[in-house]
Amino acid sequence: MSVNSIPRSWKSPKRAFFLSPPEIVAPNLLGSILGHQTPTALLAGRIVEVEAYLGPHITTTPDPAAHSFRGPTPRNAVMFGPPAHAYVYFIYGMHYCVNVTCEPEGMAGCILIRALEPILGRDQMAANRNLPATTSDFNLTSGPGRLCQALAITRPQHNGLDLLAPESPLRLFQDDFSQAPHEVTPRIGIRHAADLPLRFSLAGHPCVSRSPARPSGSTPKNEF
DNA sequence: GCAGTGATTTGCT
DNA sequence: GCAAATCACTGCG
């Protein structure tokens, strides 16, 4: 049997890292590793694309695209909880998406993980996606719904988990990965506040979900 | 380009 | 209580 174990070089980030606003945490999450320890395999991928969603306490830049915009509900309760927890939601009747909460409890900052580069358990990821092992990394984990299917992340099993707890099956790690320059562009697939530059991706990485549409007349670097 | 799919929320009685 | 609108997506044409 081939059960991968967590490499010794992978360290959990500090909780304090997640106390900052999502537009600050999000770019620093690029290059980190999301790992899911299933009963039979460790599935892990490097984060290459994220989006920040601002909590409703931010009145200078309202974010009506955020699930937290209208305040706490049963669905989004985890967003208003402590930082570095998983907020998993179900959308369009068939897809799960996974977010990382940030900011102190009550403030509902959130970061959507949009794309990964597969690192461990790639064959199992392909099986989870009902794709041949020969499929590309892009097909496997490029897109928020795809990566949840590949890593077998669901709301019933993973919503609300602490991503820094050693006993949690779903965890975040950092290693000595040297981060490539990142791009900052508008978020994808939303109706409201579609112009805010809150999408962060590793420039030119093949697993980034799509070619970033840059706001016209501006450079795509660090311009929040 | 657009159909599929169902949880969630909102806005009415 | 119930109906309708909404939705941070994916895969197929």
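Heavy atoms only: backbone and side chains are in, while hydrogens, waters and symmetry mates are out. Below, read A as the first sequence line, B as the second, and so on, with proteins coming before strands; counting in each chain starts at 1.
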The answer to which of A/Gly93 and A/Leu147 contacts DNA chain C further toward the 5' end, by nearest nucleotide, is A/Gly93
Check: A/Thr101 side chain, A/Pro82 main-chain N or O, donor-acceptor pair, under 3.5 Å: yes
Upstream residue (5' side of DNA chain B) when A/Arg75 and A/His95 are each assigned their closest nucleotide: A/His95
Specify the separation, in whole Å, of atom CD of A/Glu51 and atom C1' of C/dC9. 12 Å
If I take atom CZ in residue A/Arg155 and atom P in nucleotide C/dA8, what distance separates them, rounded to the nearest angstrom? 15 Å
Would you check if the side chain of A/Arg199 reaches a backbone N or O of A/Thr185 as a donor-acceptor pair within less than 3.5 Å? no
Options B/dT9, C/dC9, C/dT10, nucleotide nearest the side-chain atoms of A/Thr73: B/dT9
Please give, in whole Å, the distance from C/dG11 P to A/Leu140 CG? 11 Å
Closer to the 5' end of DNA chain C via nearest nucleotide, is it A/Ile111 or A/Gln149? A/Ile111
Whole Å only: how far is the OH atom of A/Tyr87 from the C1' atom of C/dC7? 11 Å
As its Watson-Crick or G-U partner within any shown strand, both distances under 3.5 Å, C/dA8 has none
Within less than 4.0 Å of OP1 or OP2 of B/dT8, is there a side-chain N or O belonging to A/Arg70? no
Which whole-number value in Å describes the distance from A/Tyr89 OH to C/dT10 P? 9 Å
Measure the distance between the ring centre of A/Phe90 and the centre of the six-membered base ring of B/dG6, then answer whether it is under 5.5 Å with planes under 30°. no
What's the CD1-C1' distance between A/Ile190 and C/dC7, to the nearest Å? 12 Å
Nearest whole Å is fine: how far is B/dT9 P from A/His192 NE2? 16 Å
Between P of C/dC7 and CZ of A/Arg187, the distance in whole Å: 13 Å
Distance check: side-chain N/O of A/Arg114 vs OP1/OP2 of C/dC9, anything under 4.0 Å? yes
Counting only heavy atoms not in A/Arg70 (residues, nucleotides, ligands), do more than 12 fall under 6.0 Å from its CZ? no
Would you say a side-chain N or O of A/Arg191 is under 4.0 Å from OP1 or OP2 of C/dC7? yes
Base-pairing assignment for B/dG11 (Watson-Crick or G-U wobble, both under 3.5 Å): C/dC2
Full working for salt bridge (Lys or Arg N to Asp or Glu O under 4.0 Å) between A/Glu51 and A/Arg187: CA-CA 6 Å; A/Glu51 285 178 355; A/Arg187 295 174 295 186; 5.3 Å; no
Worked verdict on A/Arg171 versus A/Asp162 for salt bridge (Lys or Arg N to Asp or Glu O under 4.0 Å): CA-CA 7 Å; A/Arg171 295 177 66 187; A/Asp162 183 353; over 6 Å; no
How would you label the contact of A/Tyr92 with the nucleic acid (heavy atoms, under 4.0 Å): base, sugar-phosphate, or nothing? base
